[in-house]
Amino acid sequence: MMRRALAVFVLAVLLLPAAQAASTGARSVIAVEFKVNDVAMADGSRFVAAGVDAKTPVSGASDLPVWNLWNLDGSLRGAQAADPPECPDEPAPLENCDTDAMAIAISANGARVLVGSLLNSTPQRSVIALFTENGGLLKTETVNGTVRDVAISADGTRMAAAIEKAAETGDPTVDGQAIAYDGNMNRMTGFPVNYETGPAEDIALSDDGSTLTVAAGGHHYYKLPSATDILHSVSGASARDVDVAAGGWSVSGFSNGFFGVYNNQVTQADPSEYQKKESGDGSSIEAVAIRSDGTAFVTGSSGGTLRY
């Protein structure tokens, strides 16, 4: 799931594991040299941020990092540009190699970082890049279209990306694409899967990597590594955000103000389902999250309401 903070150059972080922080809500403020587009956090050990280089590139100089990884005490652990390996830093980077990191995910143990970046290119292309916790590049793949979101399982053995297809490429009836990868960032059998219902805007993987869910016009689910496409939707609405628990329980938010909760048979054609309309006219559910064990969830609406 994408959690985006637009036009932010100072990152505020809650340091929760410390006993003092638990009682006082202690906060650390870290200044970064890029606009923050997305943030993610590992289990109690470190956090990452991805963004856009805010400075004009200098001829003959390497790009500024567009993602950073910190320890919870605020010390920097890794920093890296998201350019693909074919883009040189010396001399000046090629014009169509400039990248903006739009989405980021980190495994629960903090060992793997997955970054989705836009290339400065026509037609639009994106780079999906896998890094180690210290910023070492493991593998990249360049894809057609605009990357909207990335996800990674708790142990880093499953990864996924949501893509809005560029109009200039491929089948014009295809609006979105979901790509699933194994732990070595090889595409899994049966993927990518294309959508005509709308761009693939948000994606989520369960902690155990067994279930993938995509918001792409309607609401789509997968049981990895099968490519079976099970669609769940709310009539006349598009999915805004999705999340899924290790046991298969899932929650989704829709543009007409409904949120849906699905039981652990979500990968079947007819799972048990609970739907609720958000109060207020014209509100949409823009953000959802579910606890990894499926026992609780939260939704956020454009009308300013949080439900837990």
Side-chain angles (χ1 to χ4, degrees), residues 1-6 35-42 47-52 66-67 82 99-108 112-119 124-131 140-154 156 158-166 174-181 185 187-188 191-195 197-207 209 211-222 224 229 238-245 250-255 284-290 298-300:
M1 289 181 304
M2 184 173 292
R3 293 292 177 265
R4 188 175 298 162
L6 294 176
K35 184 183 78 172
V36 177
N37 285 324
D38 197 17
V39 294
M41 196 169 191
F47 57 95
V48 288
V52 178
V66 289
W67 70 265
T99 54
D100 293 339
M102 304 304 294
I104 197 164
I106 186 170
S107 58
R112 296 287 184 92
V113 177
L114 187 66
V115 182
S117 302
L118 297 182
L119 281 172
Q124 182 63 67
R125 295 185 302 148
S126 299
V127 177
I128 313 301
L130 179 64
F131 296 89
T140 67
E141 181 180 31
T142 302
V143 298
N144 292 327
T146 301
V147 60
R148 292 298 188 190
D149 200 13
V150 294
I152 191 168
S153 64
R158 293 285 186 270
M159 292 166 283
I163 308 293
E164 177 182 353
K165 293 292 292 292
V174 172
D175 298 315
Q177 186 179 74
I179 306 172
Y181 301 97
M185 216 181 121
R187 289 199 184 198
M188 297 183 67
F191 288 90
V193 176
N194 298 322
Y195 304 110
T197 56
E201 294 185 350
D202 287 279
I203 200 164
L205 274 170
S206 59
D207 281 356
T211 307
L212 175 102
T213 179
V214 184
H219 198 182
H220 300 252
Y221 297 89
Y222 299 92
L224 297 179
D229 189 350
S238 59
R240 296 297 199 197
D241 197 17
V242 291
D243 198 16
V244 61
S250 179
V251 61
S252 58
F254 294 93
S255 59
S284 62
I285 304 297
E286 295 293 326
V288 297
I290 192 167
V298 64
T299 68

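Computation of the quantities below employed the complete heavy-atom set of this structure, encompassing side-chain atoms and omitting hydrogens, waters and symmetry-equivalent molecules.
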Quick check for you: to the nearest 0.5 Å, what is the distance between Asp149 atom CG and Met102 atom CE? 11.0 Å
Measuring from atom CD1 of Ile106 to atom CZ of Phe131, what distance do you get when rounded to the nearest 0.5 angstrom? 12.5 Å
Could you state the interatomic distance from CG (Asp100) to OG (Ser117), rounded to the nearest 0.5 Å? 8.0 Å
Just by modelled atom types, is the Ser153 backbone N or O under 3.5 Å from a matching donor or acceptor in the Asp207 side chain? no
Just so I know, are the side chains of Glu164 and Glu201 near enough to count as touching, which here means a heavy-atom distance under 4.5 Å? no
Do the side chains of Val143 and Ile179 get nearer than 4.5 Å, heavy atoms only? yes
For the residue pair Arg240 and Ala215, what are the closest heavy atoms and their distance? C-CB, 4.5 Å
So, for Val147 and Ile128, which heavy atoms are closest and what is the spacing to 0.1 Å? CG2-CD1, 3.8 Å
Over all atoms of both residues, closest heavy-atom pair of Thr299 and Val288: CG2-CG1, 3.9 Å
Got a sec, which residues hit salt bridge (charged side-chain N to carboxylate O under 4.0 Å, His left out) with Arg112, two or more places apart in sequence or on another chain? none
Quick one: does Ser250's side chain have a donor or acceptor within less than 3.5 Å of a partner on Asp243's backbone? yes
For Leu212 and Ala160 the tightest heavy-atom approach is CD1-CB, 3.2 Å
So which atom in Val127 and which in Thr140 form the shortest heavy-atom distance, rounded to 0.1 Å? CG1-CB, 4.1 Å
Determine whether a donor-acceptor pair (N or O, by modelled atom type, separation under 3.5 Å) exists between the side chain of Ser255 and the backbone of Ser284. no
Measuring from Tyr181:OH to Met188:CE, what's the distance to the nearest 0.5 Å? 12.0 Å
Are the side chains of Asp38 and Val36 in touch, meaning some heavy atoms are under 4.5 Å apart? no
Quick one: list whatever passes side chain to side chain donor-acceptor pair (under 3.5 Å) with Ser126, sequence neighbours left out. none
Below 4.5 Å, heavy atoms only, C-beta onward: do Thr146 and Leu118 meet side chain to side chain? yes
Using the side-chain contact (heavy atoms from CB on, under 4.5 Å) rule, take Val251 and Val242 through it: C-alpha gap first, then chi angles, then the decisive distance, then the call. CA-CA 6 Å; Val251 61; Val242 291; over 6 Å; no
Is Asp241 reaching over with its side chain to a backbone N or O of Gly253, donor-acceptor style, under 3.5 angstrom? no
Do Ile285 and Phe254 have side chains that approach each other closer than 4.5 Å (heavy atoms only, starting at C-beta)? no
To the nearest 0.5 Å, tell me how far Ser107 OG sits from Leu114 CG. 10.0 Å
Interatomic spacing from CD in Gln124 to CD1 in Ile163 - rounded to 0.5 Å: 10.0 Å
Write down the atom of Ala200, the atom of Gln177, and the distance for their closest heavy-atom approach. CB-O, 3.5 Å
